[in-house]
**Student:** 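One structure, as structure tokens, below. Some questions next.
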Amino acid sequence: MANTFDVIIVGGGPAGYVAAIRASQLGLSVAVVEKEKLGGVCVNIGCIPTKALLHSAYVANTLTHQAKELGIETGPITTNYGVAMKRSRKVSVMNSKGVEFLMKKNKVTVIAGTGTLQKGKKVQVGDTIYSATKGVVLATGSRVKGIPAIGLGINKTTVISSDEALFLEKAPARLAVIGAGAVGCEFADIFNAFGSEVTLIEALPRILPIEDAESSDTVAKSYRKRKIDVLAGAKVLKATLEAEEVTLEIEVGGATKSITVDKVLMAAGRAVNTEEIGLEAAGVQLTEQGFIRVDRSTLQTTAEGIYAIGDVAGPPMLAHKGSREGVLVAEQLAGHTPHPIKYDNIPSVTYCHPEVASIGLTEEQCTAQKLEFQVGRFPFSANGRARTSGETEGLVKVIREKTMGEILGAHIVGPHASELIHELLVARENEYTVEEIDLAIHAHPTLSEAIAEACLDSLGRVMHT
Ligand code: NAI
């Protein structure tokens with residue numbers, strides 16, 4: 001095998017493997033170094049298997065709560081997490097093999113092992129040193145983290161992370177989820193549907209704290225209806241670990257509460273993989289927050305010819321942000337001048353039920369920035385299509401800049417929010433106004449009509465409420 005490539009990418013997740021495909025499409029010779037399975041966290045222990053489990057949860061909830069009303073008679077519904085888990089693994093493996101296929105198809109060399117940077121665009125894997133003529137791209141991703149300070153270091157038995165939750169054979173009877181970001185909310189939804197008694201604990205005043213307050217409130221209300229104990233503004237003071245259970249002392253609403261659970265699922269954020277990849281020796285510096293410091297327009301690190309993309313290169317830690325960064329770096333290395341990335345227009349999606357999706361600013365941020373804006377809302381309870389499927393929780397919220405009509409932010413909570421957000425995303429990317437969205441005739445009956453109506457509402461012309 002040749003030891004010199006145009007581009008060497010360290011890490012084969014959604015950032016790294018997409019960079020590899022694009023670089024290869026542009027005629028560069030490419031190697032990807034991967035120490036585990038291709039596809040990274042997303043494909044193997046993140047986005048893909050969780051979405052498979054969330055689909056099982058959705059079906060379980062539909063059968064439990066809705067089947068009768070839909071005219072479907074069932075016996076008692078029983079769930080089996082182990083079976084759902086095994087299906088999620090199959091989906092995951094299928095996707096990882098898909099990435100392998102794409103690497104072959106694009107003639108990308110995959111080097112199995114741990115890559116360590118060496119000075120001068122070189123990467124060592126085992127005893128071999130590989131050289132890049134154009135650039136080395138770091139795409140080493142992130143991993144889960146616990147809170148060892150209060151005894152909640154991940155021990156993989158009673159204190160687990162999403163890494164272990166994805167492989168459990170059965171749902172724990174009692175589960176505490178610490179952190180109500182995307183990971184926490186998605187797993188609370190999954191385990192609730194599979195019969196666990198779930199307590200969801202969030203330190204900040206509301207769950208999904210980065211989302212618009214109305215989205216957070218809608219999900220919290222829905223969760224409480226499904227008997228998930230949502231504790232926001234809650235502080236875990238102490239954890240006592242026994243062999244098979246954990247007792248948490250939690251301060252919430254001015255009182256102290258104690259709960260005993262079979263497992264604690266830590267979902268309090270992720271740490272980036274920057275250790276032991278030779279950054280210091282190669283002159284690659286970190287930010288105060290621990291990410292690799294990059295120039296956001298080129299994604300070059302502080303070392304010439306070394307680039308960083310994906311989670312290691314800074315927030316938001318999302319697969320699609322990493323993939324786009326991969327495309328940008330590949331195009332640059334091939335001598336093109338790619339469009340800059342609009343970091344303020346990256347969609348955020350949480351695939352819990354109801355789904356949450358957003359772009360741009362929240363209403364709180366618009367107020368804090370003293371912007372002049374108008375808010376348009378349309379509830380799914382008034383949307384014909386949502387009524388046909390009985391999924392009427394939530395709303396579309398569009399925030400319109402008052403003078404020019406541009407979309408400052410858009411927030412959807414409800415059925416298929418993850419898909420619906422893209423109409424607003426494309427509109428905002430291309431600087432369409434709210435009025436221009438309304439000009440496009442939306443098919444009837446569709447959930448998308450709720451978007452058109454929210455736009456109209458921001459103009460004071462809503463039709464169906
Ligand atoms: P996160 O940072 O998004 O959320 C963690 C939450 O835990 C925050 O709300 C934080 O306030 C809370 N928290 C932190 N310490 C706490 C404590 N001691 N007690 C109670 N609450 C505490 O991290 P998360 O959800 O683990 O996700 C990690 C990354 O992966 C994020 O960037 C996320 O966007 C991404 N991700 C995206 C998904 C998606 O797009 N659907 C799914 C899963 C993860």
Side-chain angles (χ1 to χ4, degrees), residues 13-15 40-55 141-154 159-163 165-166 176-190 199-211 213 215-216 219-220 229-239 246 248-252 257 259 264-273 289-291 310-323 343 346-359 412-413 417-419 421:
V41 168
C42 173
V43 166
N44 296 292
I45 45 169
C47 325
I48 296 296
T50 47
K51 265 78 267 178
L53 289 167
L54 280 158
H55 182 69
S142 64
R143 60 180 186 277
V144 288
K145 61 176 184 194
I147 322 176
I150 47 169
L152 287 170
I154 292 159
V159 184
I160 62 171
S161 71
S162 55
D163 293 2
L166 286 167
V177 179
I178 299 189
V183 173
C185 284
E186 291 183 356
F187 277 100
D189 186 333
I190 292 168
T199 307
L200 178 59
I201 302 162
E202 168 58 49
L204 293 174
R206 55 188 173 81
I207 64 169
L208 292 174
I210 64 164
E211 297 294 343
S215 298
S216 299
V219 175
D229 193 9
V230 177
L231 306 180
K235 190 171 175 199
V236 180
L237 302 173
K238 196 174 144 206
V246 180
L248 299 177
E249 245 175 65
I250 308 158
E251 189 182 284
V252 57
K257 178 178 169 133
I259 60 166
V264 176
L265 170 51
M266 294 305 305
R270 297 182 66 86
V272 283
N273 297 326
Q289 294 78 33
F291 297 100
D311 288 3
V312 273
M317 293 162 95
L318 299 170
H320 44 281
K321 171 262 193 188
S323 298
Y343 282 97
I346 296 173
S348 155
V349 177
T350 306
Y351 300 79
C352 57
H353 301 102
E355 291 186 351
V356 179
S358 64
I359 50 167
I412 307 181
V413 53
S418 57
E419 305 294 340
I421 195 69

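Counting starts at 1 for both ligands and their atoms, following the listed order. Model, not experiment: these values are computed from the prediction.
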**Student:** Can you list everything that forms a side-chain hydrogen bond (donor to acceptor under 3.5 Å, both in side chains) with E355? Sequence neighbours excluded, please.
**Tutor:**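 In terms of side-chain hydrogen bond (donor to acceptor under 3.5 Å, both in side chains), with neighbours along the sequence ignored, E355 is linked to S418.
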**Student:** For S142, enumerate each residue passing the side-chain hydrogen bond (donor to acceptor under 3.5 Å, both in side chains) test, keeping only those at least two apart in sequence or located in another chain.
**Tutor:**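 With neighbours one apart ignored, the set is R270, D311.
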**Student:** Not counting sequence neighbours, which residues clear side-chain hydrogen bond (donor to acceptor under 3.5 Å, both in side chains) with N44? List them please.
**Tutor:** none
**Student:** With a 3.5 Å distance limit and no angle check, can you tell me whether E251 reaches the backbone of K235 through a side-chain donor-acceptor pair?
**Tutor:** no
**Student:** Quick one: does any side-chain atom of S161 pair with a main-chain N or O of M266 as donor and acceptor, under 3.5 Å?
**Tutor:** no
**Student:** Can you produce the list of protein nitrogen or oxygen atoms under 3.5 Å from a nitrogen or oxygen of ligand 1, alongside each distance?
**Tutor:**
from: ligand 1; atom 1: 9 (O); to: E202; atom 2: OE1; distance (Å): 2.7
from: ligand 1; atom 1: 9 (O); to: E202; atom 2: OE2; distance (Å): 3.2
from: ligand 1; atom 1: 11 (O); to: E202; atom 2: OE2; distance (Å): 2.6
from: ligand 1; atom 1: 21 (N); to: A203; atom 2: N; distance (Å): 3.1
from: ligand 1; atom 1: 25 (O); to: A182; atom 2: N; distance (Å): 3.3
from: ligand 1; atom 1: 25 (O); to: V183; atom 2: N; distance (Å): 3.0
from: ligand 1; atom 1: 26 (O); to: G269; atom 2: N; distance (Å): 3.1
from: ligand 1; atom 1: 40 (O); to: V349; atom 2: O; distance (Å): 3.1
from: ligand 1; atom 1: 41 (N); to: E186; atom 2: OE2; distance (Å): 3.0
from: ligand 1; atom 1: 41 (N); to: V349; atom 2: O; distance (Å): 2.7

**Student:** Flag the pair K51 and E186 as a salt bridge only when some basic side-chain nitrogen lies within less than 4.0 angstrom of an acidic carboxylate oxygen.
**Tutor:**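 A salt bridge is present here (some side-chain N lies under 4.0 Å from a carboxylate O).
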